[in-house]
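Below is one structure, written out as structure tokens, with a few remarks after it.
Along the sequence shown, residues carry numbers from 1. Quick caveat, the model's predicted, so the values are computed rather than measured.
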Amino acid sequence: MNDFYEHHKGSIKFGYRCFDRILLNGLIQPFQQPERVIGFFNAYRDGARVTRNKLRDIAEQFQNWVKNRSEKWGAPIVEAPAGRRDDFVDSYFKHVKPDQVMVILRAREPARILIAIGKEDRWHLQFAQRWIVQYNFYINDARWGRMFVRVCPYLPFSARVCLNHHHWLAQRLRKEKVGFQQCSNAFLKCSDPRKLQQLADSLSARDLLTCGQKWLACFTPFFKDSERKQAGCQHRLFFSQVEYCDNLIFHRRAALDQLGERLLDANRTIGQPNKITVIFGRKVTKQYKGKLQTVIEDIDLPKPVIRSHYGHGFIKQYVRDHLCLRTEPATNDVTDYAIKKAVENLPQLRERLDSICDHYLNIQQDILETFVDRGQLRKLAEPTVLPNGKRIPGLKLDQPRQLALMHALVRFAHIAAGNTFHTSDLYPHVLQALHLTPDQYSWASLRYDLSKLKAKNLVQKVAQSCRYCLLAQGYSVCLVFLKLFNRIYAPLTAGLLQPVGGDSKLQREKRSQLDRLYQKIVDNLDLLINELGLKAA
């Protein structure tokens, strides 16, 4: 269990973790090479030539099949709306039966299709990206509940399957006769939270494969059963987009609102002053095209969202349904987390996303409240004597180089990379914090400053590698030093020794919360000095 939950568990009714939305790409692997497509028609379709007309006929046959099936299923074919499709199809799911297709949306979308280039007597096949009409089948699956499958009518019949773990859990909870209340896309009440988490953890790759392949086989009538078995003409499923969520359900809305405001206020103070940005991950090279930042934004939700970008995805934190604090990592490319895309890697993906949630919540708790160890601050300032007799200076609260190094260490960096880093990952950020050039602050100086933290067991070198690891207590101590200097000692000293004249004339309601608190401390110090008679002296 993470530090965040342990600290706030008195206000939390229950918590659970599960996947949210899972998007799977479906590919028929034998049809991913033009030569193998021709080989299939030679072996199973009497050597039919795969010409431009043949490809067009296959697509028309699929479209006619959809029209006939829609009448049989009683599922209308409707043009996809410009807005949210999930909201649009709500009305079709009022009266549902198991394994029933409810509605089919037509939409012009990009797809990778097979095209024939050249004349009828001289041609070749190749893949191309085209905008074509695709069909989205919205289904009430017996085990997964509400879901949809998108199928391209052109060879090689690329597909997408969208599943929601919350709907799957609702089906399982009903089967287990566990009482619950599902609001929007979260469980706000549950008579047996432990059972809920057990069911969430029981989701396997087989559950994804069974559901996906069942409907994809239904929606690709081009293939015969014998061809699926002998030629392997069935879709393999790969992760396209994955959302995982940690849900903490609070007893009272007021407690969550107060906590949410503190999180937003604390995260505004992290990162560069010109924008709300925090480094979250790997070293940025010239080839990197994604984002590495943390922003606070509002995406039409009752509360603002703290969103930390990383690679092809992000992790966001927000309040939903008034009582639920959700922390949700999502990615469009699971290889960012060193996980292969095949759905068989679901257990490894769950473990990685679970650890990211823990790291994120631990850091959020460190942001909310950091505790200075009693009697340890003085020891941190004392020199460390190594077993070989070498003396390494201690940590000073006002040493610029040390504070710059700590600043580089705690900027949400190294989380997704397993909390490890090279000195090359830190060097540019330390230079930036110090406003120095490499000539003024060398690599040797950085290694020397890093050795001080290593001597205090705040940083540890990873065995048999050139990487370092920032330990949990090291992160907290770095944050303590930065908070003490940047938020207390430096502002108070500035206010006492060199106050800005305009500040005293500024109306109280126009000052920030931090400025009001600092001013209150200054005023109380003045009263104390005056009471002791030191001011007159």
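Comment: R146 engages D90 in a salt bridge, judged by a side-chain N to carboxylate O separation of less than 4.0 angstrom. Salt bridge absent: R130 and E109 never bring a charged side-chain N and a carboxylate O closer than 4.0 Å. With respect to the salt-bridge test (charged N to carboxylate O, under 4.0 angstrom), the residues R326 and D246 do not qualify.
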- Task: Please step through side-chain hydrogen bond (donor to acceptor under 3.5 Å, both in side chains) for the pair D20 and N185, ending with a clear verdict.
- Result: CA-CA 8 Å; D20 193 23; N185 203 31; 2.4 Å; yes
- Can you check ring-ring contact (aromatic ring centres under 6.0 Å, His included) on F157 and F31, steps first, answer last? CA-CA 9 Å; F157 303 121; F31 276 46; 7.4 Å; no
- Task: Kindly determine whether M102 and I139 satisfy side-chain contact (heavy atoms from CB on, under 4.5 Å), including the steps that lead there.
- Result: CA-CA 6 Å; M102 309 305 299; I139 308 157; over 6 Å; no
- Could you go through the side-chain contact (heavy atoms from CB on, under 4.5 Å) check for I12 and I249 one step at a time? CA-CA 6 Å; I12 296 172; I249 314 302; 5.7 Å; no
- Message: Checking F238 against R236 for the side-chain contact (heavy atoms from CB on, under 4.5 Å) test, could you report, in this order, the C-alpha distance in whole Å, the side-chain angles of both residues, the deciding distance, and whether it holds?
- Response: CA-CA 7 Å; F238 302 89; R236 278 204 65 191; 3.8 Å; yes
- Query: Should T51 and N53 be marked as a side-chain hydrogen bond (donor to acceptor under 3.5 Å, both in side chains) after you check the CA-CA gap, both sets of side-chain angles, and the distance that decides it?
  - Reply: CA-CA 5 Å; T51 61; N53 291 334; 5.1 Å; no
- Under the side-chain contact (heavy atoms from CB on, under 4.5 Å) rule, what do L163 and C211 come out as? Steps first, then yes or no, please. CA-CA 9 Å; L163 303 171; C211 177; 3.9 Å; yes
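No option in K214, Q171, Q100 other than K214 meets the side-chain hydrogen bond (donor to acceptor under 3.5 Å, both in side chains) test with D141. No option in T331, T335, D336 other than D336 meets the side-chain hydrogen bond (donor to acceptor under 3.5 Å, both in side chains) test with H312.
For the pair V50 and H124, the minimum side-chain heavy-atom distance is 4.5 Å or more. Using a 4.5 Å heavy-atom threshold, the side chains of E176 and R174 count as separate. No side-chain heavy atom of W123 sits under 4.5 Å from any side-chain heavy atom of I117.
Atoms CG and OG, from D358 and S355 in turn, are 7.0 Å apart once rounded to the nearest 0.5 Å. Going from atom SG of C324 over to atom NZ of K13 covers 11.0 Å, rounded to the nearest 0.5 Å. Distance CD1/I132 to CD/Q129: 9.0 Å, rounded to 0.5 Å. Annotation: the span from Y135 atom OH to C152 atom SG amounts to 10.5 Å, rounded to 0.5 Å. Within the model, atoms OH of Y154 and CZ of F62 stand 11.5 Å from one another, a figure rounded to the nearest 0.5 Å. Here the CG atom belonging to L188 is positioned 6.0 Å from the CG atom belonging to L323, to the nearest 0.5 angstrom.
Applying the ring pair (Phe, Tyr, Trp, His ring centres under 6.0 Å) test to residues at least two apart or on different chains, the pairs with a partner in residues 167-190 are Y16-F187, W144-W168, H165-W168, H166-F187, F180-F187.
Every residue two or more places apart in sequence or in another chain that forms a salt bridge (Lys or Arg N to Asp or Glu O under 4.0 Å) with D87 is listed here: R84. In terms of the salt bridge (Lys or Arg N to Asp or Glu O under 4.0 Å) criterion, R206 has no residue partners (sequence neighbours excluded). By the salt bridge (Lys or Arg N to Asp or Glu O under 4.0 Å) test, E351 pairs with no residue at all, sequence neighbours left out. Partners of L346 under the side chain to side chain contact (heavy atoms under 4.5 Å, CB included) rule, at least two apart in sequence or in another chain, are F19, L203, A205, L208, F239, R350. A search for salt bridge (Lys or Arg N to Asp or Glu O under 4.0 Å) contacts involving K9 returns E6, not counting sequence neighbours.
Using modelled atom types, one side-chain atom of N64 and one backbone atom of E60 make a donor-acceptor pair closer than 3.5 Å. Here the side chain of D201 pairs no donor or acceptor atom with the backbone of Q198 at under 3.5 angstrom. Under a 3.5 Å cut-off, the side chain of S202 and the backbone N or O of L199 do form a donor-acceptor pair. A donor-acceptor pair is defined here as one N or O able to donate and one able to accept, closer than 3.5 Å; such a pair exists between the side chain of S70 and the backbone of K67. Not a single donor-acceptor pair under 3.5 Å links the side chain of Q234 to the backbone N or O of A217. Panel note: side chain N345, backbone I339; no donor-acceptor pair is recorded below 3.5 Å. With hydrogens and angles ignored, the 3.5 Å screen pairs a side-chain donor or acceptor of E227 with a backbone N or O of K224. Although no hydrogens or angles enter the test, the distance criterion places a donor-acceptor pair under 3.5 Å between the side chain of Q134 and the main chain of P110.
Using modelled atom types, one finds no donor on one side chain facing an acceptor on the other under 3.5 Å when comparing Q348 with Y337. Q32 and R112 form a side-chain donor-acceptor contact under 3.5 Å, judged by distance and modelled atom types alone. When only modelled atom types and interatomic distance are considered, D57 and Q61 share no side-chain donor-acceptor pair under 3.5 Å. A side-chain donor from one of Y244 and D354 sits under 3.5 Å from a side-chain acceptor of the other.
Ring planes of F222 and F40: tilted class, angle from 30 to 60°.
The number of heavy atoms from other shown groups lying within 6.0 Å of CG (N68) is above 12.
Remark: R150 is not positioned above the aromatic ring of F137, lacking an NZ or CZ atom under 6.0 angstrom from the ring centre and at most 45 degrees off the axis. Cation-pi geometry between R228 and F223 is not met at under 6.0 angstrom from the ring centre and within 45 degrees of the axis.
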